[in-house]
Chemist: 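Take a look at this one; I'll ask things after.
Throughout, a chain's letter reflects where its sequence line sits, starting with A, and its residues are numbered from 1.
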Amino acid sequence: MSGAALSLREVAVPGRLHPVSLELAPGLVVGLAGPNGSGKSTLLAVAAGLSPGAGRGRHDVRWNGDAVAAIPALERGRRAAWAPAEARFEFGFTVRSVVAQGRYAHGDDGAGVDEALARMDLLALADRPVDRLSGGERQRVLLARALATGAPLQLWDEPLAPLDPRHGLEVLALARDHARAGGLVVFSLHDLRLAHGLDRVVLLDRGRLCAAGEPAEVLTAERVRTVFGVDWRIEPGPTLSLP
Amino acid sequence: MSTTRPGSVAGFAGAPLWIACAVLAVLAVASLVVGEVALSPARLWAAVVGRDELAATILWQIRLPRLLVAALVGAGLASSGLVMQAYFRNHLASPGLLGVSSGGAAGAVVAIAAGAASMSLWFVPLAAIAGAFLATAAVLGLARRGAGTERLLLAGVALSALLGAVTSHVLTSHATLYERNGQILFWLLGGLEDRTWEHVVVAAPVVVFAAALWPLGRPMDLLSLGVDEARSLGVDVRRLRWALVALSTVLTALATAVAGTVGFVGLVVPHVLRLLVGPEHRRLVPLSLVGGAAFVVGCDLLGRCAGGVRLGVVTSLVGAPYFLWLLRRAER
């Protein structure tokens, strides 16, 4: 898998994001952390080539060196996938057909749809209308659709928030596999303990890039207290893992 | 089930369309037979081959143009409603409720009052298109994309009232006393009385514009689940939305130019079809065209059987209760 590098140059959205520059290499799982309203969703949307804030501000985003603004619409759908934090499905498409929408940019060839459904544990729900799912199930549908695109760059907005422990760990395992295959996964999250176990952490605070790099360097006790207002210490405690 | 083609359940994908065509055909024949002078199928045939002159006059000059206008109006309004529902991601969006029909009627009436109708056959429909686009622009401004039901419907109500007032005022100040009331009724309530081949010609492009929706069915699926989602999956959202706005507005305008504001067709038909065959637009686009035609031909037939009840009254009698039921369901 190639073409997963992401670079933001002085990206800004008025009122939401001060100029942010960021370079992320392929093969990484990157956690995007920050308090509520710190600009995580905005940053992900800009990185995905969407235009939050009605397109105002500067959006110099490059995927593998190519300016996103110059990439044709259809090709964007093949190169990057974006999963929003929540979805309001107004119409009763089946789970399978929503996941299959991930193949739109590939001429609706249906490749990998079953694998994505299986990976997100959705095979049993495949023929269920999406407007009759729980919040966690909807989140898994969004992730399965992002996965089905086969895009090297995966941008997920708080994928773990509504998930139960097992499905949450599955998503982390999925991110690892994707990165190992040469892709780049960037997702926002609130659980700093989880962020500590990722390859990189990007920390946002009130619309500014606060720190980015190795988790141990970014998540220091002092910085966590300043940004989040909580105490941070590392000591042995209960652990969850997939059997 | 095959996983390669979402939504096309093997073998039965075309069945609803054929059923809709059959229903339309039956209703069409019935609407040629029924009337003040009943034409039996045998007399219809005699009229077609030219052996029965009275029957031929009734068929060619009255019933057939009326039937075709009814079918085109239904096809146009239903297709337009389908597009608006996908665009606004709202089951309740439709040309009548959003005021686009009223815009078309106001445009047509202004053109007629200005005497443009006598200059060219195309002035009235063009004026209707202009009026409908004004209304569409106003709705888009008042209720942003994907707007909540309340905002959308309130914007539509206000707009309809305003444009209806324009229509009524122009008619009261221009039409002669004798024809005034009938004219106001026609443009505010819709009707198919005295439709001629000229009206058929004006409404005929409906077929072209509805067919132009065909290739947009798949991206409409994606758009109907979210603008940003569709964009991230590779849809050229800006172009798609322009195409959808333009097509749905023109479809409503053409229908309105020949039949006045006929309510609820664009709401009821796509919604019923969605309940029957699911939300995939590649199936809903052709089905709405045929189903809309069948619905309006059927409503017109019903009104004529009931002793000349106007088309707009019949569609409202059918559609308003359905709308209220929908509104109740949406609240839950």
Chemist: In terms of heavy-atom proximity below 4.5 Å to chain A, should V235(B) be classed as side chain, backbone, both, or neither?
Modeler: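 It is both, since atoms from each part get that close.
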Chemist: Could you look at R274(B) and say if it's the side chain, the backbone, both or neither that has a heavy atom under 4.5 Å from chain A?
Modeler: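 The answer is the side chain of R274(B).
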Chemist: Between R231(B) and G49(A), which heavy-atom pair has the shortest distance, and what is it?
Modeler: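 Taking R231(B) first and G49(A) second, the nearest heavy atoms are CD-O, 4.5 Å.
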Chemist: In the structure I gave you, are the side-chain heavy atoms of Q85(B) and E90(A) within less than 4.5 Å of one another anywhere?
Modeler: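 A side-chain contact is absent here, since even the closest heavy-atom pair is not under 4.5 Å.
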Chemist: Would you please name every residue forming a salt bridge (charged side-chain N to carboxylate O under 4.0 Å, His left out) with R238(B), sequence neighbours left out?
Modeler: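 Once residues adjacent in sequence are excluded, R238(B) has no partner under the salt bridge (charged side-chain N to carboxylate O under 4.0 Å, His left out) criterion.
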Chemist: Rounded to the nearest 0.5 Å, how far apart are CG of L233(B) and NE2 of H106(A)?
Modeler: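 One finds 10.0 Å between CG of L233(B) and NE2 of H106(A).
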Chemist: Hey, is CD on E86(A) packed in by over 12 heavy atoms from elsewhere, all under 6.0 Å?
Modeler: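 No, the 6.0 Å shell around CD holds no more than 12 heavy atoms from other groups.
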Chemist: When rounded to the nearest 0.5 angstrom, what is the spacing between NE2 in H281(B) and CZ in F93(A)?
Modeler: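 Reported value, rounded in 0.5 Å steps: 6.0 Å.
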Chemist: Is the closest side-chain heavy-atom distance between H91(B) and F91(A) below 4.5 Å?
Modeler: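 When only atoms from C-beta onward are counted, F91(A) and H91(B) do touch, with a gap below 4.5 Å.
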Chemist: Heavy-atom cut-off 4.5 Å, strictly under: side chain, backbone, both or neither for A81(A) against chain B?
Modeler: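 No part of A81(A) comes within 4.5 Å of chain B.
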Chemist: Is there side-chain contact between V98(A) and L225(B), with at least one heavy-atom pair below 4.5 Å?
Modeler: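 When only atoms from C-beta onward are counted, L225(B) and V98(A) do touch, with a gap below 4.5 Å.
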Chemist: How about E229(B) and Q101(A): do any of their side-chain heavy atoms sit closer than 4.5 Å?
Modeler: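 A side-chain contact under 4.5 Å is absent here.
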Chemist: If you compare all heavy atoms of A100(A) against all heavy atoms of R218(B), which two are closest, and at what distance to 0.1 Å?
Modeler: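 Smallest interatomic distance, heavy atoms only, reads O-NH2, 3.8 Å.
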Chemist: Is the closest side-chain heavy-atom distance between R76(A) and S232(B) below 4.5 Å?
Modeler: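 Of all side-chain heavy-atom pairs linking S232(B) with R76(A), none is under 4.5 Å.
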